[in-house]
Each structure stands twice: as C-alpha cells, then as structure tokens.
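For the single chain, residues carry numbers from 1 onward in sequence order. Because the structure is predicted, anything quoted here is derived from the model rather than measured. All values below were derived from every heavy atom in this structure, side-chain atoms included, with hydrogens, water molecules and symmetry-related copies excluded.
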Amino acid sequence: MSIFLAFLTGGAICVIGQLLIDKTNLTPARILTSFVVAGVILGALGLYQPLTDFGQEGAAVPICGFGSLMAQGVRDALRRDGALGILTGGLKSAAGGVAAALFFSLCAALFSKSRDK
C-alpha cells in the first residue's frame with residue numbers, strides 16, 4: 001500500500017508540473033524554481049511533513065521535497081547554532097543530494113559525447 005501511496009503522491013506532483021507546462025507560459029526553469037520555493041514555504045510552515053508522512057518517498061523525492069529538506073535543515077540549525085544556522089542549515093541538510101547530483105552529472109559528462117543541436 002505504501003508503494004501505491006508514494007506513486008499517487010509523486011504522480012500528483014508531476015501532474016501539477018505538467019499542467020503548468022501545458023497551460024501557462026512559464027518556462028521549465030521558472031516552474032522548477034517555483035516547486036523548490038513551494039517546498040521551502042510548505043516545509044517552513046510545517047505543512048509538507050504531513051504530505052511526506054502520507055506519500056513517503058513520493059513526496060520526498062521530487063524537487064519540492066528538496067525545498068522542504070532545506071527548510072527543515074534551517075529550522076534545526078537555527079535551534080542548534082543560533083542565527084548562523086540560517087545561513088548554513090539548508091546547505092548542510094541538502095549537501096548529500098547536491099554532491100550526488102554533481103557527481104553523477106560529472107560521470108554523465110565524462111561518458112557521453114556532446115554534440116551541437
């Protein structure tokens with residue numbers, strides 16, 4: 001059942017993104033940015049955690065889950081380190097994902113052949 005709920009939640013997030021692409025003049029970069037900002041806002045307000053509890057990885061894996069993770073990191077670091085946590089918390093909490101994305105992007109660039117469009 002948890003796999004079905006994760007599929008449903010992640011699929012709903014993707015449907016929202018696809019509708020934004022199809023029905024608006026927003027560029028994919030603006031949609032991506034808006035998903036991250038929405039995740040940060042919902043995470044900061046404590047509204048993203050119930051969605052993650054319901055949809056588990058279906059809510060945690062999409063890009064809005066990244067924004068929520070950053071908000072949670074800032075909140076935890078603010079409690080632990082004070083005002084300095086505002087600057088460092090989001091980066092520390094998301095460092096693993098960012099490092100993995102950079103590593104796999106580098107691997108893809110090394111093993112693929114670029115060509116002009």
- Task: State, to 0.1 Å, how close S93 and G90 come at their nearest heavy-atom pair, and which atoms those are.
- Result: OG-O, 3.1 Å

- Message: With a 4.5 Å cut-off on side-chain heavy atoms, are C64 and I13 touching?
- Response: yes

- Item | Nearest heavy atoms of F66 and A94, plus distance in Å | CE1-CB, 3.4 Å

- Message: Side-chain heavy atoms nearer than 4.5 Å, only ILVMFWY residues, links allowed to pass through others: does that put L78 and M70 together?
- Response: no

- Note on the structure: Heavy atoms of G46 and P50 approach each other most closely as O-CD, 3.4 Å

- Message: For the OG1 atom of T9 and the CG atom of D53, what is their distance to the nearest 0.5 Å?
- Response: 11.0 Å

- Message: Would you say L32 ends up clustered with L102 if hydrophobic residues are merged whenever their side chains have heavy atoms under 4.5 Å apart, either directly or through other cluster members?
- Response: yes

- Message: Test of understanding: clusters of I, L, V, M, F, W, Y form through side-chain heavy atoms closer than 4.5 Å, transitively. Do V74 and L87 belong to the same one?
- Response: no

- Message: Do I21 and I31 make a side-chain contact, defined as non-hydrogen atoms from C-beta onward lying under 4.5 Å apart?
- Response: yes

- Message: How about CG on N25, more than 12 heavy atoms from neighbouring residues, nucleotides or ligands closer than 6.0 Å, or not?
- Response: no

- Between the CG atom in L51 and the OG atom in S68, the distance rounded to the nearest 0.5 Å is 9.0 Å

- Query: Roughly how far, to the nearest 0.5 Å, is the OG atom of S2 from the CZ atom of F54?
  - Reply: 11.0 Å

- Task: Decide yes or no on side-chain contact (heavy atoms from CB on, under 4.5 Å) for E57 and L5, but give the supporting numbers first.
- Result: CA-CA 9 Å; E57 296 306 313; L5 292 176; over 6 Å; no

- With the 4.5 Å side-chain cut-off for hydrophobic clustering, are V36 and V98 part of the same group? yes

- Message: Quick check on L110: does its CG atom have over 12 non-hydrogen neighbours (other residues, nucleotides or ligands) under 6.0 Å away?
- Response: yes

- Is a donor on one side and an acceptor on the other found under 3.5 Å between the side chain of R75 and the backbone of G89? no

- Note on the structure: When every non-hydrogen atom of A71 is compared with those of G43, the smallest separation belongs to CB-C, 4.0 Å

- Task: Give the cluster check for L45 versus I63: same hydrophobic cluster or not, with ILVMFWY residues linked at side-chain heavy-atom distances below 4.5 Å.
- Result: yes

- Message: Let me confirm one number: the OH-CG distance from Y48 to L69, rounded to the nearest 0.5 Å.
- Response: 10.5 Å

